[in-house]
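Each chain gets a letter, A, B and so on, in the order the sequences are listed, and its residues count up from 1.
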Amino acid sequence: MPYNYQKIEDYWQRYWSENKLFRTETPSQKPKYYILDMFPYPSGAGLHVGHPLGYIATDILSRYKRHQGFNVLHPMGWDAFGLPAEQYAIETGQHPAVTTEKNIKTYKKQLDRLGFSFDWEREVNTSEPSYYKWTQWAFIEMFHHYYDEDKDKALPIKNLTEHFSKNGSSGIQANHNEHDAFTKEEWQFFSEQKKEEILQCYRIAYQADLPVNWCAKLGTVLANDEVSNGLSVRGGHPVEQKIMKQWSLRISAYAERLLQGLEKIEWSESIKEMQRNWIGKSKGAEVDFLLETNEKLRIFTTRPDTIFGVTFMVLAPESEWVIKLTTSEQKAEVEKYIKWTKSRTERERQAEAKNVTGIFTGSYAIHPFTKKKIPIWIADYVLGGYGTGAIMAVPAHDSRDHAFAKTFKLPIVPVVSGEHDYESTALETHEGSAINSEFLNNLSTKEAIEKACERIENDKLGVRTTNYRLRDAIFSRQRFWGEPFPVYYKNEIPHTLSLSELPLVLPEVDKYLPTEEGEPPLARAKSWKTKEGYLYEYSTMPGFAGSSAYYLRYMDPKNASAIASKENIDYWGAVDLYLGGSEHATGHLIYARFWCMFLHDIGLVPFTEPFKKLINQGMIQGRSNLIYRMKKNPKTYVSKSYVSKGEVKEEDVQKIHVDVNLVQNDFLDVAAYKKSKPDLKDADFQTESHDGKEAFLCDWAVEKMSKSLFNVVNPDAVCEQYGADTLRLFEMFLGPLEQSKPWNTSGIDGVHRFLHKLWRWLHDDTDADKISTTENSAKPEDWKLLHQTIQKITQDMDSLNFNTCVSQFMICVNQFSASKVKEKSFIETFLILLSPFAPHMAEELWHRLGHTTSVTKQSWPKVDKKWLVESEMKIVVQVNGKLRAQFMCDINATEAEIFEKALALPEVIKQLENKELKKKIYVPKKLVNLVVV
RNA sequence: GCCCACGUGGUGGAACUGGUAGACACGCAUGGCUUAGAACCAUGUGCCGCAAGGUGUGGGGGUUCGAGUCCCUCCGUGGGCACCA
């Protein structure tokens with residue numbers, strides 16, 4: 001009876017799904033375990049073998065946890081809003097929902113083939129109105145809350161309006177955008193518009209004129225994490241800075257909590273570090289420099305200790321001080337410069353970062369301590385959006401200030417001790433002491449910062465502050481395929497819909513392009529208005545909106561009155577293990593944390609961190625195959641001569657990618673390759689001799705897995721050839737989960753061989769469809785290995801070392817098949833251990849032992865220590881640290897006995913000639929080392 | 001430039017708290033079975049050496065009876081940030 005993986009896998013997949021064996025029950029008396037994969041965007045290309053890596057890992061863990069008696073939530077869904085479907089819609093007129101649905105079907109089919117234990121009844125789809133109703137709801141909640149810095153949480157906006165009508169704007173401790181102060185009387189008489197304008201400065205979801213990343217090619221604005229090097233992450237189109245009225249989320253209010261929260265979650269250090277950088281906390285002081293006009297120019301610095309080294313000041317070009325401080329003589333030049341900086345795209349600005357540019361305003365500030373006159377310059381290396389948009393320049397100790405000073409021949413005054421050539425570079429150090437700095441002299445940098453801050457505060461020159469780099473998240477996109485805002489405008493004032501009016505469904509449009517007036521595609525829906533005839537917001541929400549709280553929806557996916565019921569949220573709690581790519585470090589993973597903290601503040605969720613533990617699975621890279629083609633000669637125009645790798649004489653060839661599916665172990669299937677391209681009919685393939693056979697050998701390279709490099713391997717093809725169990729085992733065997741590694745099929749046969757061997761172990765050559773068992777056929781060494789395996793697999797499972805688990809199974813099958821173990825309970829134990837990895841195989845064999853199904857069996861094997869007790873121990877003898885000999889010894893031997901035995905060894909005697917002896921015995925856990933010094 | 005992670009055979013990778021480095025697999029070699037191949041089985045395989053032996057976890061140094069593992073330093077690879085004052 002051969003191992004027919006196709007029949008077996010089809011049968012059990014159908015059995016599991018028809019009997020709904022993976023349905024997750026809530027509530028339950030069992031302890032919970034929530035394992036989540038980052039849900040995919042269902043693209044048109046379908047899955048390649050890299051995608052399932054993480055899903056296989058989580059599936060193994062889910063099955064393991066179920067065997068251990070946990071109630072496991074292991075769902076799957078679709079991050080269905082996104083650009084490709086919309087782009088496709090623009091080109092073909094096909095509604096994105098239609099394409100998306102089609103793609104989801106393909107994905108689901110591909111996933112199901114791998115035997116995953118998802119509870120498909122909990123499937124979510126972010127583009128379905130019943131789902132995005134709750135995305136819209138969360139937005140409305142954010143709109144109606146503000147961030148109270150006293151309570152350090154979001155509070156209803158009603159509290160704020162009450163405060164305003166009692167006290168005006170004074171005394172409020174809240175994260176807000178700049179606005180003029182007002183009294184309670186003024187508040188009374190403000191118009192509706194004016195009141196709303198003020199409130200927008202506080203709302204967590206607010207509208208404001210902000211500098212945004214505008215991508216003309218995509219026709220939309222982008223968030224900071226969607227832009228890289230001045231180009232859009234999706235598509236790589238240029239991005240420019242532009243002031244636009246946009247919806248934003250006040251994520252910056254949560255900066256400190258987002259930073260602190262990292263301390264209590266189990267994430268990889270690198271992701272935490274990325275988030276820390278992204279949040280960018282820096283402590284320092286704001287200091288006022290008096291101007292000749294008696295106004296105060298406020299700057300931010302992290303190095304107040306270097307204040308005596310200030311030789312000039314710099315304003316950002318967009319600073320409001322620019323106009324005030326530019327003298328009439330300098331006006332023309334300054335205007336020219338400002339105009340020039342505005343004309344540059346973000347990309348140009350970054351590319352030319354090394355070129356120092358700037359212009360003198362003509363004005364001077366007064367140094368707060370030395371009272372010297374300090375010139376004020378304008379330069380675009382100072383950013384308007386950070387700190388106060390103005391700096392004190394200390395060229396001796398800041399490389400940017402140094403470069404500027406050198407370019408414009410400004411003085412450089414060292415104020416930190418240390419030998420240094422100030423003509424060439426700045427001395428950027430925290431390890432020195434202050435010099436040339438009056439009251440700071442001789443203090444270490446740390447002390448000097450402290451002292452300077454003290455003095456600044458005492459003299460009322462400024463205050464200590466903390467700045468964060470984290471900016472509020474721009475939340476509008478001028479696109480069609482996204483969640484509509486539950487917002488309409490009445491006298492230009494935004495109003496939100498009520499919960500009963502949700503979901504606000506995407507309207508039908510004739511085209512998916514912006515209108516001729518440049519309005520977003522939704523403006524094409526002419527009749528899209530509220531009952532009262534008010535217009536809706538035409539922007540849609542960005543990609544991260546739908547993915548920020550999807551883990552809550554899985555807990556209660558069909559709930560019509562809440563994103564999930566209170567009981568379900570309380571029962572499931574935070575995600576225990578979250579698995580996905582590290583590319584979401586500063587996007588989704590920050591937004592989801594923020595979103596969760598907000599939902600916590602409003603009392604919906606009891607936890608503040610959504611993902612307790614995060615694992616980033618590595619990417620599976622493609623392994624491309626390349627063949628060599630002779631360079632075309634002038635006569636034939638196109639060369640049709642191809643050369644096997646070993647026969648290549650360099651320089652006269654070029655490399656060409658070939659489809660990896662036509663290559664086996666780097667040997668090209670020449671006939672198939674010729675067939676695949678009509679123009680190769682009469683091509684010539686120069687083979688080489690390999691094992692006495694002529695073959696055509698290809699070269700290879702590790703690259704991204706991509707269609708254009710012909711290195712995409714489809715999991716369906718692997719399932720076809722080897723079966724899902726082999727694919728699962730192989731992907732785990734490939735290497736540690738978190739590491740990136742190339743897809744190299746040369747090892748897959750080894751794994752497949754293992755499954756065959758396992759099958760042959762339990763099946764004699766007969767055609768029986770039952771496994772015949774015999775009692776007492778397992779020898780003590782078999783039991784020992786089995787229990788060692790239980791111990792190892794359990795440990796490795798908990799630490800997610802799946803690759804070593806596979807190796808352990810191979811060791812087992814080698815030994816068990818050699819000693820022909822046929823004991824029923826023995827086999828059963830082994831099958832349970834194996835079932836998370838190769839569920840179909842385990843299930844089939846389990847069935848052949850006379851049982852129904854193993855997947856719901858809550859009995860993870862326990863280690864029986866009696867098999868692991870050692871009667872002997874291995875003694876290693878070392879002489880001066882070098883290994884000389886080893887011997888076995890009774891476990892209860894005394895040190896004296898061991899020592900005596902060691903000295904009797906011929907190797908030791910030889911080593912000890914002419915040496916003095918000093919007895920020393922070390923007894924660590926496993927080995928006993930006798931060391932003779 | 002700054003921050004983080006990593007560096008072990010021909011290859012992917014094992015090695016828990018410092019305790020015989022190289023498990024397991026691929027590849028390779030030899031032999032068996034076979035008309036032949038595939039599959040399967042057995043044995044070997046870090047490097048140098050016929051051997052005894054020596055040497056060996058990116059380089060150098062340190063701690064230790066003992067270091068792949070801990071500390072310092074240099075080199076290399078991968079990732080992130082990049083005018084954030």
From the options B/rA85, B/rG79, B/rC83, select the nucleotide whose nearest atom is closest to the side chain of A/Asp398. B/rA85
Residues A/Thr341 and A/Pro317: closest non-hydrogen pair is OG1-CB, 3.8 Å
Please report the shortest heavy-atom distance between A/Ala379 and A/Phe404, naming the atom on each side. CB-CE1, 3.5 Å
What I want to check is whether the side chains of A/Thr804 and A/Asn801 have a donor and an acceptor closer together than 3.5 Å. no
Interatomic distance where CG belongs to A/Leu383 and P belongs to B/rA85 [whole Å]: 10 Å
Please identify each residue that fulfils salt bridge (Lys or Arg N to Asp or Glu O under 4.0 Å) with A/Lys792, with sequence neighbours left out. A/Asp796
What's the base orientation of B/rG9: syn (chi within 90° of 0) or anti? syn
Under 4.0 Å, heavy atoms only, any strand: does A/Val382 hit a base, just the sugar-phosphate, or nothing? base
Hits for salt bridge (Lys or Arg N to Asp or Glu O under 4.0 Å) against A/Lys281, two or more places apart or cross-chain, chain-then-number order -> A/Glu256
Within the 4.0 Å heavy-atom criterion, would you say A/Asn814 contacts the bases, only the backbone, or no part of the nucleic acid? sugar-phosphate
Rounded to whole Å, please give me the gap between CD1 in A/Ile590 and C1' in B/rG80. 13 Å
Quickly work out the A/Tyr386 OH to B/rC83 P distance and round it to whole Å. 12 Å
No-hydrogen, no-angle side-chain donor-acceptor test under 3.5 Å, A/Ser252 and A/Asp472: yes
Touch class at under 4.0 angstrom, heavy-atom based, for A/Phe754 against every strand present: nothing
A/Ile271 CD1 - B/rC81 P separation (whole Å): 11 Å
Side chain of A/Arg760, heavy atoms from C-beta onward: which of B/rA25, B/rA23, B/rC41 has the nearest atom to it? B/rC41
Picking from B/rA25, B/rA85, B/rG13, the nucleotide nearest the side-chain atoms of A/Gln739 would be B/rG13
Heavy atoms under 4.0 Å, any strand shown: does A/Ser282 hit a base, just sugar-phosphate, or nothing? sugar-phosphate
Specify the residues of residues 784-801 of chain A, ordered by number, for which at least one heavy atom lies under 4.0 angstrom from an atom of RNA chain B. none
Look at the side chain of A/Pro736 and decide which nucleotide, out of B/rA14, B/rC24, B/rC81, has an atom nearest to it. B/rA14
Among B/rA23, B/rC83, B/rC81, which is the nearest nucleotide to the side chain of A/Asp380? B/rC83
Which sits closer to the 5' end of RNA chain B, A/Glu273 or A/Tyr468, going by the nucleotide each is nearest to? A/Glu273
Looking only at non-hydrogen atoms, find the nearest pair between A/Lys784 and A/Leu868 and report the distance. O-CD2, 3.8 Å
Apply the side chain to side chain contact (heavy atoms under 4.5 Å, CB included) test between A/Thr789 and each candidate in A/Leu834, A/Leu833, A/Val863; give the one that qualifies. A/Leu833
Judged by atom type as modelled, is there a donor-acceptor pair below 3.5 Å linking the side chain of A/Lys757 to the main-chain atoms of A/Met810? no
So A/Pro742, base contact, sugar-phosphate only, or nothing? Heavy-atom distance under 4.0 Å. nothing
Going by atom types only, do A/Tyr722 and A/Thr745 share a side-chain donor-acceptor pair under 3.5 Å? no
How does RNA chain B look in dot-bracket notation if pairs are Watson-Crick or G-U with both distances under 3.5 Å, crossing ones as [ ], other-strand ones as |? (((((((..(((......[....)))((((((.......))))))(((....)))..(((((..]....))))))))))))....
How many Å lie between OH on A/Tyr722 and P on B/rC26, as a whole number? 12 Å
Hey, does the side chain of A/Asn616 reach the backbone of A/Gly580 with a donor-acceptor pair shorter than 3.5 angstrom? yes
Gap between atoms CD and P, on A/Gln621 and B/rG78 respectively (whole Å): 11 Å
Tell me the interatomic distance from A/Ile279, atom CD1, to B/rC3, atom C1', rounded to whole angstroms. 15 Å
Touch check for A/Lys757, heavy atoms < 4.0 angstrom, all strands: base, sugar-phosphate only, or nothing? sugar-phosphate
Between N or O atoms, less than 3.5 Å apart, protein on one side and nucleotides 30-34 of chain B on the other: list the pairs.
none

Rounding to a whole Å, what distance do you find between A/Lys272:NZ and B/rG79:C1'? 18 Å
Any side-chain to backbone donor/acceptor pair from A/His752 onto A/Phe730? Under 3.5 Å, distance only. no
Base, sugar-phosphate, or nothing for A/Asn803, non-hydrogen atoms under 4.0 angstrom? sugar-phosphate
Quick one: salt bridge (Lys or Arg N to Asp or Glu O under 4.0 Å) partners of A/Asp401, sequence neighbours excluded? none
Sugar-phosphate only, base, or nothing, as touched by A/Arg753 at under 4.0 Å among non-hydrogen atoms: sugar-phosphate
Walking RNA chain B from its 5' end, the first of A/Gly280 and A/Ser807 to be reached, judged by nearest nucleotide, is A/Ser807
